[in-house]
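Counting starts at 1 for both ligands and their atoms, in listed order. Numbering of residues begins at 1 and proceeds along the displayed sequence. If you're wondering where the values come from, they're calculated on a predicted model, not measured in any experiment.
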Amino acid sequence: MENPVWLAPLAGITVPPVRLFFRSLGAGLVHTEMVSCAGLLHNSSKTFSMLRVLDGERPVVLQLFSGEKRTLARGAEKALSCYAFDAIGINMACPMPKVTKKGAGSSLLERPQEAGEMVRALVGLGVPVWVKIRKIPISSPLDTVSFTGMLLDAGASHICIHGRYPFQKYGGTSDREVVLDAAKRFPGRIAASGDVFSPEDAKTMLDGGCSAVFVARGAFKDPFLIPSVLHACGFSVDPRFLTLSSGSRIEMMISLGERIFEDEGEKAAIVLLKRFLSGIFRGLPGASRFRQAVSRSANWVEMITTLEDWKASSERGEQCDRR
Ligand SMILES: Cc1cc2nc3c(=O)[nH]c(=O)nc-3n(C[C@H](O)[C@H](O)[C@H](O)COP(=O)(O)O)c2cc1C
């Protein structure tokens with residue numbers, strides 16, 4: 001990996017054009033959204049389409065979920081026969097009932113024995129096995145550091161810890177101390193997830209001994225966060241990305257939207273662009289008018305017209321400022 005600032009797995013969001021966009025901004029590695037092993041075994045075309053990878057994305061980690069080790073292993077084999085992913089990640093973090101009621105995601109944190117067996121089921125496949133967990137619930141037989149150690153003993157190469165209990169979902173604050181404790185105990189093996197919203201947040205976790213940070217909702221708040229984090233943490237970054245004008249930012253968002261449209265269709269382009277644009281509006285002149293126009297856009301033509309309009313207006317504003 002070129003650097004330790006990585007794009008987190010984000011269901012419904014980290015589709016190939018989005019991953020490529022963040023790789024081009026300098027992310028050291030990207031994750032797929034979580035993919036259902038049951039879906040792969042049922043030959044679901046929708047699930048298989050989630051295995052697509054574009055040129056220029058690698059390194060890419062495929063994140064899988066399953067509540068059962070044989071399904072996990074067979075799903076992983078099928079996926080690897082479609083594409084040589086750089087690592088397989090097991091999702092033991094998702095707290096959503098549609099995942100946990102199948103025994104997958106964060107419900108595995110309550111079943112350390114099975115969680116370890118899931119790692120062992122993938123170790124022979126010839127790619128590194130990674131696991132993403134959350135802060136371990138009090139009701140589990142192991143605490144976070146012991147659970148992490150157990151996964152590493154089972155053969156996992158790398159563990160990402162999101163410092164929230166599953167019941168917290170995305171609320172409250174992420175517990176940095178629990179992640180840093182594990183990072184000190186297992187140097188080079190622990191990545192941090194949770195509340196990475198600024199270069200300072202990332203620096204705290206990297207300086208504290210984490211081997212990487214996962215940027216998740218921070219990328220919605222500011223799609224250009226990754227270059228600033230890289231710069232603040234002393235990693236190489238294309239200097240163009242540190243001084244982007246608002247016009248260039250909007251231009252890059254338009255290109256991202258067009259790529260999503262080509263790859264995933266109009267609906268995905270509109271939904272995803274709205275998500276990333278909310279972070280771009282902050283602090284820009286005329287933002288509220290354009291924010292409303294973007295949120296009203298019902299099709300791509302309306303969206304692109306608004307964005308082109310906004311780009312022209314912000315370029316006029318910047319020219320006036322320069323004069
Ligand atoms: C919309 C959304 C989708 C997510 N999808 C996944 C997923 O597919 N797999 C996963 O392990 N975590 C997923 N997460 C969790 C994030 O990867 C990350 O761990 C979490 O948001 C905490 O980081 P943050 O506080 O910096 O956002 C998702 C989070 C959000 C907000």
Side-chain angles (χ1 to χ4, degrees), residues 4-16 18-19 22 27 29-37 39 46-47 50-51 60-66 72 75 79 85 87-100 102 104-109 115 118 129-136 144 151 156 158-176 178-179 182 190-206 210 212-223 225-226 228-229 268 271-272 274-276 278-279:
V5 182
W6 300 345
L7 182 67
L10 295 164
I13 292 166
T14 51
V15 294
V18 170
R19 300 194 302 252
F22 285 103
L29 173 147
V30 292
H31 284 84
T32 68
E33 48 188 324
M34 60 177 174
V35 173
S36 158
C37 285
K46 186 164 179 261
T47 311
M50 295 163 110
L51 301 178
V60 185
V61 179
L62 167 68
Q63 194 191 57
L64 295 173
F65 73 96
S66 171
L72 178 73
F85 288 95
I88 298 276
I90 309 174
N91 183 320
M92 298 191 190
C94 180
M96 296 308 173
K98 70 173 187 191
V99 171
T100 54
K102 293 183 185 137
S106 63
S107 78
L108 282 158
L109 304 179
M118 292 192 117
V129 179
W130 291 13
V131 188
K132 185 158 175 283
I133 65 172
R134 281 182 172 238
K135 183 176 176 182
I136 305 296
T144 305
L151 293 173
H158 201 253
I159 313 290
C160 172
I161 307 175
H162 174 190
R164 287 186 174 86
Y165 290 122
F167 82 83
Q168 292 180 284
K169 297 203 166 70
Y170 299 99
T173 47
S174 182
D175 179 350
R176 289 186 170 158
V178 78
V179 182
I190 307 299
S193 178
D195 296 345
V196 178
F197 293 120
S198 68
E200 295 70 38
D201 294 334
K203 207 166 177 325
T204 303
M205 302 316 279
L206 293 173
C210 291
V213 285
F214 280 31
V215 176
R217 288 172 300 169
F220 309 151
K221 286 205 163 168
D222 174 7
L225 174 65
I226 287 179
S228 332
V229 168
V271 168
L272 290 177
K274 282 183 181 175
R275 197 118 204 202
F276 289 116
S278 62

Chemist: Run the ring-ring contact (aromatic ring centres under 6.0 Å, His included) test against Tyr165 and tell me which residues pass, sequence neighbours left out.
Modeler: Phe167

Chemist: Donor-acceptor pair, distance only, cut-off 3.5 Å: does the side chain of Thr32 make one with the backbone of Leu62?
Modeler: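 The answer is no, because no donor-acceptor pair under 3.5 Å joins these two groups.
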
Chemist: How close do Met92 and Leu151 get, heavy atom to heavy atom, and via which atoms?
Modeler: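 Smallest heavy-atom distance, with atoms named: CE-CD2, 4.2 Å.
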
Chemist: Mind checking whether His31 and Phe214 have parallel, tilted or perpendicular rings, split at 30° and 60°?
Modeler: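 Answer is tilted, since the angle falls between 30° and 60°.
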
Chemist: Counting only heavy atoms and a distance below 4.0 Å, can you name the residues contacting ligand 1?
Modeler: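 The answer is Ala8, Pro9, Leu10, Ala11, Ile13, Met34, Gln63, Asn91, Lys132, His162, Arg164, Tyr170, Ser193, Gly194, Asp195, Val196, Ala216, Arg217, counting any residue whose heavy atom sits under 4.0 Å from ligand 1.
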
Chemist: Does a sphere of radius 6.0 Å around NZ in Lys221 hold more than 12 heavy atoms from other residues, nucleotides or ligands, not counting ones at 6.0 Å or beyond?
Modeler: no

Chemist: Under a 4.0 Å threshold between the charged nitrogen and the carboxylate oxygen, would Asp195 count as salt-bridged to Arg176?
Modeler: no

